[in-house]
Visitor: 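Shown below is the structure under consideration.
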2 protein chains.
Amino acid sequence: MVKQRDDSPVEAGDAMRESPLADDLSFLLARANALSLAAGNAALAEHGLRARSYSVLALAAGDFRPSQRDLAEYLRLDPSQVVALVDGLQTRGLVRREPDPTDRRANVVVATDEGREIYRRASVSARDAEQRLHRGLTSEAREELGALLRALAFPA
Amino acid sequence: MVKQRDDSPVEAGDAMRESPLADDLSFLLARANALSLAAGNAALAEHGLRARSYSVLALAAGDFRPSQRDLAEYLRLDPSQVVALVDGLQTRGLVRREPDPTDRRANVVVATDEGREIYRRASVSARDAEQRLHRGLTSEAREELGALLRALAFPA
DNA sequence: TATTGTTATACTCTATAACTATA
DNA sequence: TATAGTTATAGAGTATAACAATA
């Protein structure tokens, strides 16, 4: 994420619409992500979460019983980063490490009842923030964007 | 960017296709950006650049004569980060700070001849990497993705 | 008074290597 | 031999605050 400022994020852009970067999908992706991450972190702050801890909590609150390795792969984090994220959530009582009965090396990360409740509330804030950010798009456009991003995010 | 691993980035995803995050545009944007940034940085490394220095050089190589402030706004960087980026490029002789004749506070950042040449070569590498990453999309899909990302990256 | 570039500082995120206990 | 989790460390990126020169 990049520093969030109060002024409009455009301004200089008006003069640079035809910059060498204007058609660069990597640049557009990075800038869109920076705005999205800034808005997401701001919305999650009242729940004591950030984007990464929120995404770990979201997966722990589902029915997948992901191992830490699963979390690392899905979230594109190094396993060592998952340790710190799970530690933080576990200290707050939002997730538990449970032994995987089929593999004594592995921990399964599951949300506690409180974790599920915090996740539920945080997901409302996150959704609100996202809708505010994407208010310029029709619901069809959002749908299309999701399909295109899924193709990039999870290549065949 | 997240650590780049040799194995497929999917794996855990197969079991989590229907995770609470699977439809989260912010998450998809973050994951797609992580892959894009990793590929971009890898492609730019042989030119001694990274995504951020490349984007500064790209704008300095255009016809805009951007001030450091312009660069900060367009790239969503703090002005203090631009100082460091321009310092690095200037030390390598790829850009110059020129006084803005209309505002003695401001520097205009322009690419040197060598900077333009490095940029030209780097842009080929960047384009190749991007095409490899987006090979799953038709050119119409890429066009559509660009339009949607522009709407998010540069809100009205 | 406000803005441009700058310095300084702290924090978060990313990347790598090595270790242990299991498989 | 390989994998899951962990520890440690370094480097890159993000966020704030303050200052001098200029508008």
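All chains are named by letter (A, B, ...) in the order of the sequence lines, taking the proteins before the strands, and each is independently numbered beginning at 1.
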Visitor: What residues in residues 91-98 of chain B put a non-hydrogen atom under 4.0 Å from any atom of DNA chain C?
Guide: B:R97

Visitor: What is the distance, to the nearest angstrom, from the CG atom on B:D78 to the C1' atom on C:dT4?
Guide: 12 Å

Visitor: Is the closest basic N to carboxylate O distance between A:R97 and A:D87 below 4.0 Å?
Guide: yes

Visitor: How does protein contact run along nucleotides 18-23 of chain C, one letter per nucleotide 5' to 3', with B for base contact, S for sugar-phosphate only, - for none, heavy atoms under 4.0 Å?
Guide: ---BBS

Visitor: Are B:V109 and B:V83 linked, directly or through other ILVMFWY residues, by side chains that come within less than 4.5 angstrom of each other?
Guide: no

Visitor: Roughly, in whole Å, what's the span from CZ in A:R52 to C1' in D:dG13?
Guide: 12 Å

Visitor: Could you tell me the separation between the CG atom of B:N107 and the P atom of D:dT22, rounded to a whole number of Å?
Guide: 12 Å

Visitor: Treat each ILVMFWY residue as a node, draw an edge where side-chain heavy atoms are under 4.5 Å apart, and state whether A:L152 and A:L75 are in one component.
Guide: yes

Visitor: Provide, to the nearest angstrom, the distance between the CG atom belonging to B:N41 and the P atom belonging to C:dT14.
Guide: 12 Å

Visitor: Please find out if less than 6.0 Å separates the ring center of B:Y74 from that of B:F154.
Guide: yes

Visitor: Name the closest nucleotide to the B:S80 side chain, picking from D:dA12, D:dT7, D:dA17.
Guide: D:dA17

Visitor: What's the closest nucleotide to the side chain of B:A106 if the choices are C:dT12, C:dT6, C:dT4?
Guide: C:dT4

Visitor: Taking atom C1' of D:dG5 as reference, at what distance in whole Å does atom CG of A:D70 sit?
Guide: 13 Å

Visitor: Map A:V82 and B:A51 onto DNA chain D by nearest heavy atom, then report which one ends up closer to the 5' terminus.
Guide: A:V82

Visitor: Would you call B:D23-A:R150 a salt bridge at under 4.0 Å N-O?
Guide: yes

Visitor: Between B:V110 and B:Y119, is there a shared hydrophobic cluster once you connect ILVMFWY residues whose side-chain heavy atoms come closer than 4.5 Å?
Guide: no

Visitor: Has A:E117 got more than 12 heavy atoms of other residues, nucleotides or ligands less than 6.0 Å from its CD?
Guide: yes

Visitor: Any idea which of D:dT7, C:dT4, D:dT6 is nearest the B:R69 side chain?
Guide: C:dT4

Visitor: Tell me, do A:R142 and B:L148 make a side-chain contact under 4.5 Å, heavy atoms counted?
Guide: no

Visitor: When the distance from CD of B:Q81 to C1' of C:dC13 is rounded to whole Å, what number comes out?
Guide: 13 Å

Visitor: Report the residues that fulfil side-chain hydrogen bond (donor to acceptor under 3.5 Å, both in side chains) with A:E98, sequence neighbours left out, ordered by chain and then residue number.
Guide: A:R65, A:R96

Visitor: Please check the phosphate of D:dG11 (OP1 and OP2 only) for any side-chain N or O of B:R50 closer than 4.0 Å.
Guide: no

Visitor: With respect to the side chain of B:Q68, which nucleotide from D:dG13, C:dT6, C:dT14 is positioned closest?
Guide: C:dT6

Visitor: In whole angstrom, give the distance that lies between atom CG of B:D87 and atom P of C:dA8.
Guide: 12 Å

Visitor: Starting from P on D:dT6, measure out to CG on A:L85 and report it in whole angstrom.
Guide: 12 Å

